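Working notes, beginning with the structure itself.
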Amino acid sequence: MSDGGSQYSYHSSKEEMDELDTLCWYHLALSLTCFLEWDKNSSQEGPNYLALSVRAKDSVKHFHVKREGDGYSFGFNVFPSLQNFIEHFANQPLLGSDSGTLMVLRCPYPRRVEEPSIYESVRVHTAMQTGRTEKDLVPNAPSLGTKEGYLVKQGAVVKSWKTRWFTLNRNELKYFKDKMFDEPIRTLNLTSCSAVQFDYSQERVNCFCLVFPERTFYLCAKTGVEADEWIKILRWKLSQIQKGR
């Protein structure tokens, strides 16, 4: 969904395929983050939950949608049918998140869309073991846990503050000059990071720091909630690294 350019889509189980497939913005499979899909990673919430992902100006936000019989529960409203639910989106609802960010859901992500080519050519390909079967494929890989958004970063030599676009994927925290740039200014390997914590030494609010052997990086978020979100997921990353995952 879009906050001026946010997008959304559906992904469902086979039972709801026919109903949802009538939507021009329904995506059976799309690797981009800004769409509405079944939230398979939220098993504690139950199988009837979906995730509405909204690409806002500075980050991507995720909201729960619950399917209740033939209807849908979203925010403070319950919609008796898919048609009522879609008409709600057609009227461009305003959402407010825990961080205080207000988003107007303007346009859905179109079904026919070209994704950027992010595939690499296979240069090495060989089996490391023999004699194993499909029974040996156990789906117990940990969640990758990704996040992206704008943060203000303090320079290393000149202690000025500049806004940078940050992406967190696997064990790498990258920052770019801006969101539209393909090449990062720098990639931080979190396996070398010893701590992530709130910082109150700077003359700014909502700051936190990442401690590396060669340098401590000082970053500031727009709000305290945003800073807390970054700290939580970064600390989770460090805990996974320490467990050898």
Side-chain angles (χ1 to χ4, degrees), residues 1-8 30-35 51-63 95 97-107 109 113-120 143-193 196-199 202-212 214-238 241:
M1 195 67 173
S2 175
D3 161 27
S6 327
Q7 302 120 356
Y8 59 92
L30 186 64
S31 63
L32 298 177
T33 59
C34 43
F35 57 93
L52 173 68
S53 298
V54 180
R55 181 175 291 281
K57 179 180 179 181
D58 297 332
S59 62
V60 176
K61 303 291 185 182
H62 308 283
F63 303 90
L95 294 185
S97 65
D98 291 334
S99 63
T101 302
L102 294 177
M103 295 161 284
V104 177
L105 307 191
R106 298 186 187 280
C107 58
Y109 207 95
V113 60
E114 292 186 4
E115 295 189 66
S117 177
I118 56 175
Y119 304 99
E120 297 186 13
S143 170
L144 297 179
T146 61
K147 186 172 176 60
E148 60 181 16
Y150 282 106
L151 293 170
V152 182
K153 186 186 75 69
Q154 187 185 65
V157 180
V158 179
K159 302 300 181 180
S160 59
W161 295 84
K162 293 184 178 180
T163 300
R164 298 294 184 225
W165 178 255
F166 282 77
T167 64
L168 175 62
N169 188 30
R170 298 184 184 273
N171 293 330
E172 292 183 338
L173 180 65
K174 299 180 180 181
Y175 59 90
F176 303 75
K177 186 174 181 180
D178 210 330
K179 183 165 52 176
M180 71 285 296
F181 285 81
D182 295 325
E183 292 297 322
I185 296 175
R186 185 167 182 173
T187 299
L188 302 179
N189 189 336
L190 295 178
T191 59
S192 301
C193 182
V196 179
Q197 58 196 28
F198 270 107
D199 182 84
Q202 308 301 313
E203 295 181 355
R204 285 174 172 261
V205 295
N206 310 321
C207 287
F208 59 98
C209 63
L210 287 78
V211 181
F212 287 82
E214 74 282 0
R215 177 184 168 187
T216 297
F217 290 83
Y218 294 95
L219 308 172
C220 292
K222 182 179 295 184
T223 67
V225 173
E226 287 279 358
D228 190 55
E229 289 178 359
W230 277 102
I231 291 173
K232 284 180 178 177
I233 194 168
L234 287 167
R235 284 178 173 174
W236 178 84
K237 288 285 188 182
L238 296 189
I241 292 171

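Residues: numbered from 1 along the sequence shown. Since this is a predicted model, take the numbers as computed values, not measurements.
- Minimum interatomic distance between Thr167 and Phe176 (heavy atoms only, all atoms of both residues): OG1-CE1, 3.6 Å.
- A pairwise comparison of heavy atoms in Lys177 and Ile185 identifies N-CD1, 3.6 Å as the closest pair.
- Heavy-atom contacts from other residues, nucleotides or ligands closer than 6.0 Å to CD of Glu203 number 12 or fewer.
- With sequence neighbours excluded, no residue satisfies disulfide bond (SG atoms under 2.5 Å apart) with Cys193.
- Note: Tyr150 OH to Lys179 NZ = 5.0 Å, rounded to the nearest 0.5 Å.
- Considering every non-hydrogen atom in both Asn206 and Gly224, the closest pair reads OD1-N, 3.1 Å.
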Query raised in the report: Going through the checks in order, is the side chain to side chain contact (heavy atoms under 4.5 Å, CB included) test met by Leu219 and Tyr175?
Result: CA-CA 11 Å; Leu219 308 172; Tyr175 59 90; over 6 Å; no

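- Of the possible polar contacts, none joining the Asn171 side chain to the Leu190 backbone as a donor-acceptor pair under 3.5 Å is found.
- The closest donor-acceptor contact from the side chain of Lys162 to the backbone of Lys153 lies at 3.5 Å or more, if one exists at all.
- No hydrogens or angles considered: a donor-acceptor pair under 3.5 Å links the side chains of Asn189 and Thr191.
- Between Trp161 and Cys207, the shortest heavy-atom distance links the atoms CH2-SG, 4.4 Å.
- By the ring pair (Phe, Tyr, Trp, His ring centres under 6.0 Å) test, Tyr218 is found to be paired with no residue, residues two or more places apart in sequence or in another chain being considered.
- Among all heavy-atom pairs drawn from Gln154 and Gln202, the shortest one is NE2-OE1, 3.0 Å.
- Across Gly149 and Trp230, no two heavy atoms sit closer than the pair N-CZ2, 3.8 Å.
- Under the rule for a ring pair (Phe, Tyr, Trp, His ring centres under 6.0 Å), the partners of Phe212 that lie at least two apart in sequence or sit in another chain are Phe217.
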